[in-house]
Amino acid sequence: MTTHSNTPAGWYPDPHGAPQTLRYWDGAQWTQHTSPEQQAQAAQQVPQQAAGPDPRVQRQVQQQAGVAPSGPGGGTLFSEPVLVVNQKAKLIELTNEYKVMDQNGNQIGSVVQVGQSALKKILRFVASIDQYMTHKLEIRDAHGQPVLLLTRPAKIFKSRVIVERPDGQPVGEIVQQNVFGKINFSINAGGRQIGAIKAENWRAWNFAIVDHAENEVARITKTWEGLAKTMFTTADNYVLQIHYQLPEPLLSLVVATALTVDTALKQDARGIG
């Protein structure tokens, strides 16, 4: 299902074929039909993409994450050797939002939480109970079109993330293996394990991603967002380095892992480091 580039993310042509009609998918159901006037109003709410390279992102990649500059990629979420994932800073986090950039700071995608009811937002405001709630996220390309859909069911101790294509076709799952010590996840597809994500410290901030043969294929490094953001906001920033072009579905699952690692773990307590 495709949308025009000036169509707000989450809005799609009417699935029943009604002409000049958009409907919104909130992660659970379609909204009612919208008029052309409402469509135009919604289109005006599309956020502007960041323009040009950002030297702050280049410093984040090279100095904070220790990733050396590499050759140019293909300009998409699935063809860049380095992805920078920066969470939108908020004093109170009611909706998870992330900007995804290449190693030069050009925005090539985003991650947005969808399907939250007003009641759920209220509960997130008054209590730290995120882990007991189901979370749905859309990974979107530079034009705001979904490329992967992720669902993290409500958890008590261990996280599980279900990854699908926009048409509902399953890609695989990311499943937490342990609770104590260094957190590890298995990467599963087609009923078998095709890789793993291994935390390198007990805080689970840096990860090595390996294939089925235990060869490291990618690495996730948490970068410090600064003292003010760490103490007073919910922002988390990461850098993903993919060592070489990966086959599907491992590539999509590695990208999904890097772009949702914070939601998958959802630590209630934040620290400095």
Side-chain angles (χ1 to χ4, degrees), residues 2 49-50 53-54 57-58 60-86 98-111 137-150 161-167 169-175 184-200 205-223 237-264:
T2 59
Q49 300 288 334
D54 187 341
V57 172
Q58 294 174 321
Q60 180 182 345
V61 171
Q62 298 172 25
Q63 298 178 19
Q64 296 185 36
V67 176
S70 61
T76 71
L77 294 170
F78 303 106
S79 61
E80 286 291 331
V82 177
L83 296 179
V84 181
V85 188
N86 286 353
Y98 303 83
K99 181 166 63 173
V100 187
M101 295 161 285
D102 65 14
Q103 60 190 313
N104 295 314
N106 301 301
Q107 184 167 354
I108 57 175
S110 61
V111 183
L137 301 140
E138 285 185 354
I139 295 178
R140 301 169 178 172
D141 63 18
H143 303 291
Q145 299 185 35
V147 293
L148 290 174
L149 308 179
L150 293 91
V161 177
I162 303 166
V163 184
E164 300 174 305
R165 304 292 180 194
D167 61 2
Q169 178 182 354
V171 177
E173 293 188 351
I174 303 159
V175 183
N184 294 323
F185 294 81
S186 65
I187 302 175
N188 305 329
R192 63 187 181 90
Q193 183 173 344
I194 63 172
I197 307 148
K198 300 185 175 183
E200 297 188 335
W205 280 349
N206 298 329
F207 298 85
I209 303 177
V210 300
D211 62 15
H212 69 284
E214 295 291 320
N215 300 310
E216 182 174 311
V217 298
R219 175 170 293 272
I220 300 173
T221 303
K222 179 177 171 33
T223 55
N237 301 333
Y238 298 88
V239 172
L240 168 69
Q241 180 185 19
I242 299 177
H243 300 327
Y244 53 87
Q245 186 65 34
L246 301 176
E248 289 289 357
L250 182 59
L251 174 60
S252 288
L253 291 169
V254 167
V255 170
T257 296
L259 303 194
T260 60
V261 64
D262 181 57
T263 299

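Evaluation of the side-chain contact (heavy atoms from CB on, under 4.5 Å) rule for Thr76 yields Phe78, Ser79 as partners, not counting sequence neighbours. Residues meeting the side chain to side chain donor-acceptor pair (under 3.5 Å) test with His243, sequence neighbours left out: Glu216. Residues that satisfy the side chain to side chain donor-acceptor pair (under 3.5 Å) test with Glu173, not counting sequence neighbours, are Arg160. Residues satisfying the side-chain contact (heavy atoms from CB on, under 4.5 Å) test with Ala258, not counting sequence neighbours, are Ile220, Leu240. Applying the side-chain contact (heavy atoms from CB on, under 4.5 Å) criterion to Asn188, with sequence neighbours excluded, gives Val175, Ser186, Gln193. In this view, Glu80 satisfies the side chain to side chain donor-acceptor pair (under 3.5 Å) rule with no residue, not counting sequence neighbours. In terms of the side-chain contact (heavy atoms from CB on, under 4.5 Å) criterion, residue partners of Gln63 (sequence neighbours excluded) are, by chain and number, Arg59. Applying the side chain to side chain donor-acceptor pair (under 3.5 Å) criterion to Ser252, with sequence neighbours excluded, gives Arg165, Glu248.
Ile174 CD1 to Thr257 OG1: the interatomic distance, rounded to the nearest 0.5 Å, is 3.0 Å. The distance from atom CG of Leu149 to atom CD of Glu138, rounded to the nearest 0.5 Å, is 6.0 Å. Rounding to the nearest 0.5 angstrom, the gap separating the CD1 atom in Ile108 from the CG atom in Asp102 is 5.5 Å.
Asp211 and Tyr244 get closest at one heavy-atom pair: OD2-OH, 4.0 Å. Across all non-hydrogen atoms, the minimal contact from Ala199 to Asn184 is N-OD1, 3.5 Å. For the pair Gln103 and Val57, the tightest heavy-atom approach, listed with the atom from each and the gap, is O-CG1, 4.3 Å. In this structure, Gln58 and Asn104 approach most closely via the heavy-atom pair NE2-OD1, 3.3 Å. Pairing each heavy atom of Pro166 with each of Val147, the nearest pair is CD-O, 3.3 Å. In terms of heavy-atom proximity, Gly109 sits nearest to Leu77 at CA-CD2, 4.2 Å.
Side-chain contact annotation: Asn86 with Gln60, donor-acceptor N/O pair under 3.5 Å present.
Applying the salt bridge (Lys or Arg N to Asp or Glu O under 4.0 Å) test to every pair with at least one member in residues 184-199, sequence neighbours left out, gives these pairs: Lys198-Glu214.
Each of Ile187, Ile209, Leu246 was scored for a side chain to side chain contact (heavy atoms under 4.5 Å, CB included) with Leu253, with one residue passing: Ile187.
Side-chain atoms of Gln245 and Leu251, non-hydrogen and from C-beta on, do get closer than 4.5 Å to each other.
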